[in-house]
Amino acid sequence: MAKIHIKRAYDDAKDQDGFRILVDRLWPRGIKKEDLHHDEWFKDMAPSSDLRKDFDHEEGKFSWFKEKYEEELNNHDEKNTWLALVKEKLDDGPVTLLYAAKDKDNNNAVVLKEWTEDHL
């Protein structure tokens, strides 16, 4: 099975990215919709607005955010649809989760990637 990668939406698209899914609830600031090379925008799997605002990308809150976001994912109505899509696309090649946050280590895509891998 191919791998899941994460990448900032602002980084250039590469052929090795495979199927590209934007996983933020909000569209990345400063990017026109026609300029972002993506195959899917699955904003429903992003953290809830309240959780996103409470986290506010503060590194010290990441453990708390990860725990709360995983709870949201475990109870999400769309989780089976998400997992089926990713599994199907991984059969064809890599899947890249796109996010806009500046912090490459403490963001929702990191959590979603790990959670998805654990559930496939």
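- Put simply, CG on Leu90 and CG on Leu85 are 9.0 Å apart, with the number rounded to the nearest 0.5 Å.
- The cluster map of Ile, Leu, Val, Met, Phe, Trp and Tyr, joined by side-chain heavy atoms under 4.5 Å apart, puts Leu120 and Leu73 in the same cluster.
- Expressed to the nearest 0.5 Å, how far NE2 of His76 lies from CD of Glu71 amounts to 14.0 Å.
- No more than 12 heavy atoms of other residues, nucleotides or ligands sit less than 6.0 Å from atom CD of Glu59.
- A continuous path of ILVMFWY side-chain contacts below 4.5 Å connects Phe65 to Trp115, so both sit in one hydrophobic cluster.
- Counting only distance, with no hydrogens or angles, the side chain of Asp103 and the backbone of Asp105 share a donor-acceptor pair below 3.5 Å.
- In this structure the side chain of His37 never reaches within 4.5 angstrom of the side chain of Asp12, judged on heavy atoms.
- When the shell of 6.0 Å around CG of Asp15 is examined, it contains 12 or fewer heavy atoms from other residues, nucleotides or ligands.
- For Lys89 and Glu40, the salt-bridge test fails: no basic side-chain N is under 4.0 Å from an acidic carboxylate O.
- Under the 3.5 Å distance criterion, the side-chain polar atoms of Arg20 are left unmatched by any main-chain donor or acceptor of Leu98.
- No continuous path of ILVMFWY side-chain contacts below 4.5 Å connects Trp41 to Ile21, so the two sit in separate hydrophobic clusters.
- With a 4.5 Å cut-off on side-chain heavy atoms, Phe55 and Asn107 do not count as touching.
- If you chain together hydrophobic residues whose side chains sit under 4.5 Å apart, Phe62 and Val23 fall into the same group.
- For Arg25 against Ser49, the heavy-atom pair with the smallest separation is CD-OG, 3.5 Å.
- No donor-acceptor pair closer than 3.5 Å links the side chain of Asn108 to the backbone N or O of Tyr99.
- The pair Lys68-Glu72 fails the salt-bridge criterion, with no side-chain N (NZ, NE, NH1 or NH2) lying under 4.0 Å from an Asp/Glu carboxylate O.
- Placement of Leu97 and Tyr10 in two distinct hydrophobic clusters is found when ILVMFWY residues are connected by side-chain heavy-atom separations under 4.5 Å, directly or transitively.
- One distance of note links NZ of Lys79 with CE of Met45; it measures 9.0 Å at 0.5 Å rounding.
- Taking the side chain as every heavy atom from C-beta outward, Trp82 and Asp44 never approach each other to under 4.5 Å.
- Taken from CD in Glu78 to OG1 in Thr81, the straight-line distance is 4.5 Å, to the nearest 0.5 Å.
- Note on ring orientation: taking the six-membered ring where Trp is involved, the planes of Trp27 and His38 are perpendicular (angle over 60°, cut-offs 30° and 60°).
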Would Tyr69 and Leu112 count as a side chain to side chain contact (heavy atoms under 4.5 Å, CB included) if you check the C-alpha gap in whole Å, the side-chain angles of each, and the deciding distance to 0.1 Å?
-> CA-CA 8 Å; Tyr69 184 31; Leu112 183 57; 3.9 Å; yes
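- Counting non-hydrogen atoms of neighbouring residues, nucleotides and ligands closer than 6.0 angstrom, the CG atom of Asp77 reaches no more than 12 such neighbours.
- Shortest non-hydrogen contact noted between Ala101 and His57 is CB-CE1, 3.5 Å.
- Counting heavy atoms from C-beta outward, His5 and Lys7 have side chains that stay 4.5 Å or more apart.
- Checked by atom type and distance alone, the side chain of Lys61 pairs as donor or acceptor with a backbone atom of Asp54 at under 3.5 Å.
- Nearest approach of Ile6 to Lys104, heavy atoms of both residues: CD1-O, 4.2 Å.
- Between atom NZ of residue Lys3 and atom OG1 of residue Thr96 there is a gap of 12.0 Å, rounded to the nearest 0.5 Å.
- Listed here is the closest heavy atom pair of Ala2 and Pro94: CB-N, 3.5 Å.
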